[in-house]
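Here's the structure, in structure tokens; my notes come after.
Naming convention: chains lettered A, B, ... in sequence-line order (proteins, then strands); numbering from 1 in each chain. What you see is a predicted model; the values in this text were computed from it and never measured.
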2 protein chains.
Amino acid sequence: MALAKTIPGASPRMVERLSLYRRVLQQTSAAGSHSTYSHELAAACRVSAVQVRRDLMTVGYSGSTKSGYEIKPLLVAMDTFLGNTGPVDVALVGVGHLGRAVLAFLCWRHPRFVPVAFDRDTRLTERVLDGVHCLPVEQMADTIQEQQIRIAVVCVPATEAQRVSEQLVAAGVRGILNFAPVTLFLPSYVFIENIDISVALEKVAFFTG
Amino acid sequence: MALAKTIPGASPRMVERLSLYRRVLQQTSAAGSHSTYSHELAAACRVSAVQVRRDLMTVGYSGSTKSGYEIKPLLVAMDTFLGNTGPVDVALVGVGHLGRAVLAFLCWRHPRFVPVAFDRDTRLTERVLDGVHCLPVEQMADTIQEQQIRIAVVCVPATEAQRVSEQLVAAGVRGILNFAPVTLFLPSYVFIENIDISVALEKVAFFTG
DNA sequence: TTTTGTGAATCGATTCACAGCG
DNA sequence: CGCTGTGAATCGATTCACAAAA
């Protein structure tokens, strides 16, 4: 039971799956369940049961052969592994439709991430959107430095993305979720995750045949 | 020179890269270049030069050792490989902030995909958004059948996604780009691509450390 | 019998290393 | 030389197969 093995290996793919597992487990837990089996979790996430067991092994949580995994402590173990201890401030740049969609996502589903929004458009700034204050970009660098924000979401047009990202990194940001359809060139110590809607749709079109 | 080899293997990952290559090549071409080297394309997409050569090999286009790859015919070869012959109709369900962001993406950058939008909210329907007509959901099934639409983008809330997807599939859709943070359960002949914003941000948070 | 935990095998994707060419 | 094309090697992720437990 719970023999942590201080594993170094955590691939991006695995972190994605863990994130999925957690969401499902939270729902299962809210629905009143107390424990679950690897094959149940697997079915709910469309992965194999072995995969689930491997991942949970990496997390360092062990189940029992009788009732599978206890959901509550498993969630704790996953949070510990993923480093989800406290709330995390997130800078969100660009409050157009996409930016507001992301804001809504964060505020509704993810109380863990606390966004601070920035935009160039003065009609948007100094307003409260989805319960989040929106500040003018001029205050971006200072705010990020003061609040020690390390994570940012880039929702600005493609033409602005590189410049904005450089400003973010200069202010102290070390991880970026980029929605702009461009390759960002930033120091290697910055983690970049790209979400490219055009590419994703292209993929669907290809494999739909 | 361009000895097509009728390759079966095209992994999702590779299709993503090809899509990236094409975007870069279009820009390079528009900037006046006539040819490019694998290492240039590689640098612009943050992949290795060998990877680029392998991918282009799969596409079936050969370059020359002197001037690398000719951009124009390479783009043609890629389009042929990806099956990008004519315009493709796409059903977009849910025209909230996210839906409108996707619409804007498609209309601005991707004249190839022709969207038809649907929403439950009658204040949105019968209006033109980003140059696209928005119809009430009641007309969704009929429109999809009539226009033979095979691809859809799901931008509805998580609670609606499963039901809406089933309707889409029943109407003839065979590929779905899903933004809702839920696992869709659909027949195996339906290709599903999930974009999960929460999961992506979770990943950034983890690897930012 | 069902389920977890896991070494070993497999599968797939990427890189290495080098041949061929201009 | 530098560049493309590619067999072979490598690396990583997933699955197989089975031991242990209840």
Side-chain angles (χ1 to χ4, degrees), chain A residues 1-21 25 28 33-71 73-74 77-78 81 203 206-207, chain B residues 1-21 25 28 33-71 73-74 77-78 81 203 206-207:
Chain A
M1 26 162 93
L3 169 56
K5 287 171 81 176
T6 55
I7 309 270
S11 69
R13 210 73 67 78
M14 193 187 100
V15 173
E16 282 180 24
R17 285 194 303 267
L18 288 178
S19 197
L20 277 183
Y21 299 162
L25 289 172
T28 311
S33 283
H34 169 256
S35 65
T36 192
Y37 296 114
S38 62
H39 62 86
E40 291 176 332
L41 192 48
C45 297
R46 289 204 166 284
V47 297
S48 73
V50 188
Q51 183 86 82
V52 169
R53 295 205 295 277
R54 275 250 181 258
D55 290 339
L56 298 193
M57 198 175 76
T58 307
V59 167
Y61 186 76
S62 296
S64 78
T65 56
K66 188 59 185 170
S67 55
Y69 302 91
E70 282 189 89
I71 295 179
L74 174 53
M78 289 175 66
F81 182 85
K203 212 200 295 188
F206 181 84
F207 286 104
Chain B
M1 24 160 92
L3 171 56
K5 285 170 83 176
T6 57
I7 309 268
S11 68
R13 210 74 67 75
M14 194 187 100
V15 173
E16 282 179 25
R17 286 194 302 268
L18 288 179
S19 195
L20 277 182
Y21 299 161
L25 289 172
T28 312
S33 283
H34 167 258
S35 64
T36 191
Y37 296 114
S38 62
H39 61 85
E40 291 176 332
L41 192 47
C45 298
R46 290 204 165 284
V47 298
S48 73
V50 189
Q51 183 86 82
V52 169
R53 294 205 296 276
R54 276 248 183 257
D55 289 340
L56 297 193
M57 198 176 75
T58 307
V59 166
Y61 187 76
S62 295
S64 76
T65 56
K66 189 58 185 173
S67 55
Y69 303 89
E70 284 189 88
I71 294 179
L74 174 52
M78 289 176 66
F81 182 86
K203 211 201 295 188
F206 181 83
F207 287 104

Starting at atom [atom1] of [X], determine the distance to atom [atom2] of [N], rounded to an integer number of angstrom.
{"X": "A/M57", "N": "C/dG5", "atom1": "CE", "atom2": "C1'", "value": "7 Å"}
{"X": "B/L56", "N": "D/dT4", "atom1": "CG", "atom2": "P", "value": "9 Å"}
{"X": "A/E70", "N": "C/dT4", "atom1": "CD", "atom2": "P", "value": "13 Å"}
{"X": "A/L74", "N": "C/dT4", "atom1": "CG", "atom2": "P", "value": "11 Å"}

For a quick test of reading the model: is some side-chain N or O of [X] closer than 4.0 Å to OP1 or OP2 of [N]?
{"X": "B/S64", "N": "D/dT4", "result": "no"}
{"X": "A/S48", "N": "D/dT15", "result": "yes"}
{"X": "B/Y61", "N": "D/dG5", "result": "no"}

Side chains of [X] and [Y] in contact at under 4.5 Å (non-hydrogen atoms):
{"X": "B/T58", "Y": "B/F81", "value": "yes"}
{"X": "A/S33", "Y": "A/I71", "value": "yes"}
{"X": "B/L56", "Y": "B/Y21", "value": "yes"}
{"X": "A/S19", "Y": "B/K203", "value": "no"}
{"X": "A/E70", "Y": "A/T36", "value": "no"}

### Message
Over 60° means perpendicular and under 30° means parallel, so tell me whether A/Y69 and A/Y61 are parallel, tilted or perpendicular.
### Response
tilted
### Task
Evaluate the side-chain contact (heavy atoms from CB on, under 4.5 Å) criterion for residues A/L25 and A/M78: first the C-alpha distance (whole Å), next the side-chain angles of each, then the deciding distance (0.1 Å), finally the verdict.
CA-CA 11 Å; A/L25 289 172; A/M78 289 175 66; 3.9 Å; yes
### Task
State which of D/dG5, C/dT6, D/dC3 makes the closest approach to the side chain of A/R54.
C/dT6
### Summary
Taking C/dT3, C/dG5, D/dC3 as options, the one with an atom nearest any side-chain atom of A/H39 is C/dT3
### Task
Spell out, as yes or no, whether a donor-acceptor pair under 3.5 Å connects the side chain of A/E40 to the backbone of A/Y37.
yes
Under 3.5 Å, which N/O atoms of the protein pair with N/O atoms of nucleotides 17-22 of chain C?
from: C/dG22; atom 1: O4'; to: B/T65; atom 2: OG1; distance (Å): 3.3

For nucleotides 10-13 of chain C, which of its nitrogen or oxygen atoms have a protein nitrogen or oxygen under 3.5 Å away, and what is each distance?
none

### Summary
Taking every heavy atom of A/A49 against every heavy atom of A/H39, the minimum-distance pair comes out as CB-CA, 3.9 Å
### Message
So A/S38, base contact, sugar-phosphate only, or nothing? Heavy-atom distance under 4.0 Å.
### Response
sugar-phosphate
### Task
Indicate, with a heavy-atom threshold strictly under 4.0 Å, whether B/S67 touches base, sugar-phosphate, or nothing.
nothing
### Task
Could you pick out which residue, B/G68 or A/D55, lies toward the 5' side of DNA chain D when each is mapped onto its nearest nucleotide?
B/G68
